[in-house]
Undergrad: 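Following this message is one structure expressed as structure tokens.
Sequence lines set the chain letters: A, B, ... in the order given, protein chains first and strands last, and positions in each chain run from 1.
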2 protein chains.
Amino acid sequence: MSEHLGFSRSTVYRYLADLCEHGLLAQGSGNAFVLGPKIFSLEYRLRKSDPLTLAGRPIVQSLVEEFGGTALVNRLFRDRFICVEFETSLPEGQETHRRGQPMPLVRGANARAIQAHLPRHRLVRIYEENAAEFAASGLGRDFGELQTKLREVRAAGVCLSDGELRPGIVGIAAPILVGPDTVVGTLGFVDRSDALGDRRRKEIMAQVRLTARILSRQLS
Amino acid sequence: MSEHLGFSRSTVYRYLADLCEHGLLAQGSGNAFVLGPKIFSLEYRLRKSDPLTLAGRPIVQSLVEEFGGTALVNRLFRDRFICVEFETSLPEGQETHRRGQPMPLVRGANARAIQAHLPRHRLVRIYEENAAEFAASGLGRDFGELQTKLREVRAAGVCLSDGELRPGIVGIAAPILVGPDTVVGTLGFVDRSDALGDRRRKEIMAQVRLTARILSRQLS
DNA sequence: CAAGTTTTCCCATTATACGGGATTTTATTA
DNA sequence: TAATAAAATCCCGTATAATGGGAAAACTTG
């Protein structure tokens, strides 16, 4: 560790002792270190206090009860986009998503829902940093084209992607907004393409759009 | 904040900026600060890597499927004792326990299961720090009496408490051990007293004991 | 039990975090 | 919209606290 971090051995010992002392690390079996109890308690606090997580839980549960598949709430931080709540009807271990997982900001329905409501300068930044990926995935060979597509998404209030992130998987997502038009996250739904007929997709899109709007209102 | 923490205003601004920078805090709506995205991703890592959590999940699920009620895995850290995995058949919001919640080390079945396998000096310390509570709850007016009781628990490999922590609630717990006799946590089961007849209790105790032993072996 | 290894402890040095104050930005009111 | 007040950010010299070297202690291993 000392080598890897570029600190002297004494310093590494002290660091480890301090981190353990404060519960951020813990000595696991053998001579291994694992993340400590503080992580659990911080997550517990977060879960109990974060309004998005709190309000999102019953919603994702209801969606999955109604339509099967997987439903998730994702939260946008300054630069990261993370799944903060999810529910699935899939058997244990087969989930495609999980709490805490980083979500892509470029491709997929959830990314699109975010992009559509991002202030221009933030969108530009994302576009520039990932120009190659945008071009490769077809949507937006230039920035103008992207904007046109996003304007549609914005008008619709919900968006669908089929096989854009993973082949054979459909994603449906709607933005969660606070205030007039500030996006703080998305409500997403995911299922296998062949499990969802055209009629079903429309139905789910309508529901996701509505529930995301309810969530938005609860937070405002 | 500056007043409360005893730091100058500049320092507090810098702290907040740094913490946000690293994702430990995030600026919430308004001028509030909330725990940041790093908490989610750390918890995610922990969940994916911690063997106790990993191995515990299917077990608590199966127990609840079989017997209803609530099942939990608790992990003992140096000084803290925390629920790291739980499953319940109770409707949302009515759970008595949750992931991340600190568990008591003095009273209740889980506490007893830990105490019974703690090295002497650690038990002494806990006893001394909480002598009043031990005495008040009847078990162990002196250290000798406590030891006698714990010896029984240890022999049985499982223990039951009725209304010891919360009136009308039964707890059943067995220690999770690695190596010859090092306790790292407990497997617990909780339900309403009136929902469990004598026969049922015996049945569950046997199962909890067995599954805790399986868990122990998986970890060793 | 001795040789080797790991861990802890201590202290002088240096680097970096701190707070005061200047500067910029945001909010408030007339 | 301008003027005033308040809040937030930035900058830099000083002082404090983190660092690494090395000695001592504890633990492994042959």
Undergrad: Among D:dT19, C:dA17, C:dT8, which is the nearest nucleotide to the side chain of A:Tyr15?
TA: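 Within the option list, the nearest is D:dT19.
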
Undergrad: Nearest-Å distance, CG (A:Asp18) to P (D:dA18)?
TA: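 Checked: the CG to P distance equals 8 Å.
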
Undergrad: Measure the distance from CZ on B:Phe7 to P on D:dT16 and round it to the nearest whole Å.
TA: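 In whole Å, D:dT16 P lies 14 Å from B:Phe7 CZ.
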
Undergrad: Rounded to whole angstrom units, what separation is found between the CZ atom of A:Arg9 and the P atom of C:dC10?
TA: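 Rounding to the nearest Å, CZ of A:Arg9 and P of C:dC10 are 19 Å apart.
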
Undergrad: Ignoring backbone atoms, test whether B:Ser8 places a side-chain nitrogen or oxygen under 4.0 Å from the OP1 or OP2 oxygen of C:dG19.
TA: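 Indeed, a polar side-chain atom of B:Ser8 lies that close.
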
Undergrad: Hey, are the side chains of A:Phe40 and B:Leu46 touching, using non-hydrogen atoms and a 4.5 Å cut-off?
TA: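 Touching, per the 4.5 Å side-chain cut-off.
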
Undergrad: Whole angstroms only, please: what is the CD-C1' distance between B:Glu3 and C:dG19?
TA: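 Value for this atom pair: 16 Å.
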
Undergrad: Side chains of A:Phe81 and A:Asn110, heavy atoms from C-beta outward: is any pair under 4.5 Å?
TA: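 Side-chain contact under 4.5 Å: yes.
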
Undergrad: Is the count of non-hydrogen atoms from other residues, nucleotides or ligands lying under 6.0 Å from B:Arg154 atom CZ greater than 12?
TA: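 Check passes, neighbour count above 12.
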
Undergrad: Expressed as a whole number of angstroms, how long is the span from B:Tyr13:OH to D:dC12:P?
TA: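 It is 20 Å, rounded to the nearest whole Å.
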
Undergrad: Looking at B:Glu85 and B:Arg57, is any side-chain nitrogen of the basic one under 4.0 Å from a carboxylate oxygen of the acidic one?
TA: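 A salt bridge links B:Arg57 with B:Glu85.
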
Undergrad: Establish, with yes or no, whether the OP1 or OP2 oxygen of C:dC18 is under 4.0 angstrom from a side-chain nitrogen or oxygen of B:Arg14.
TA: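 Yes.
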
Undergrad: Please report the distance, rounded to the nearest Å, between CD in B:Glu21 and P in D:dT9.
TA: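 About 13 Å, once rounded to whole Å.
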
Undergrad: Taking only the side-chain heavy atoms of A:Ser10 (C-beta and beyond), determine which of C:dC9, C:dC18, C:dG20 contains the nearest atom.
TA: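 Looking only at side-chain atoms, A:Ser10 lies closest to C:dC9.
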
Undergrad: Starting from P on D:dG20, measure out to CE on A:Met1 and report it in whole angstrom.
TA: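 Computing the A:Met1:CE to D:dG20:P distance gives 14 Å.
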
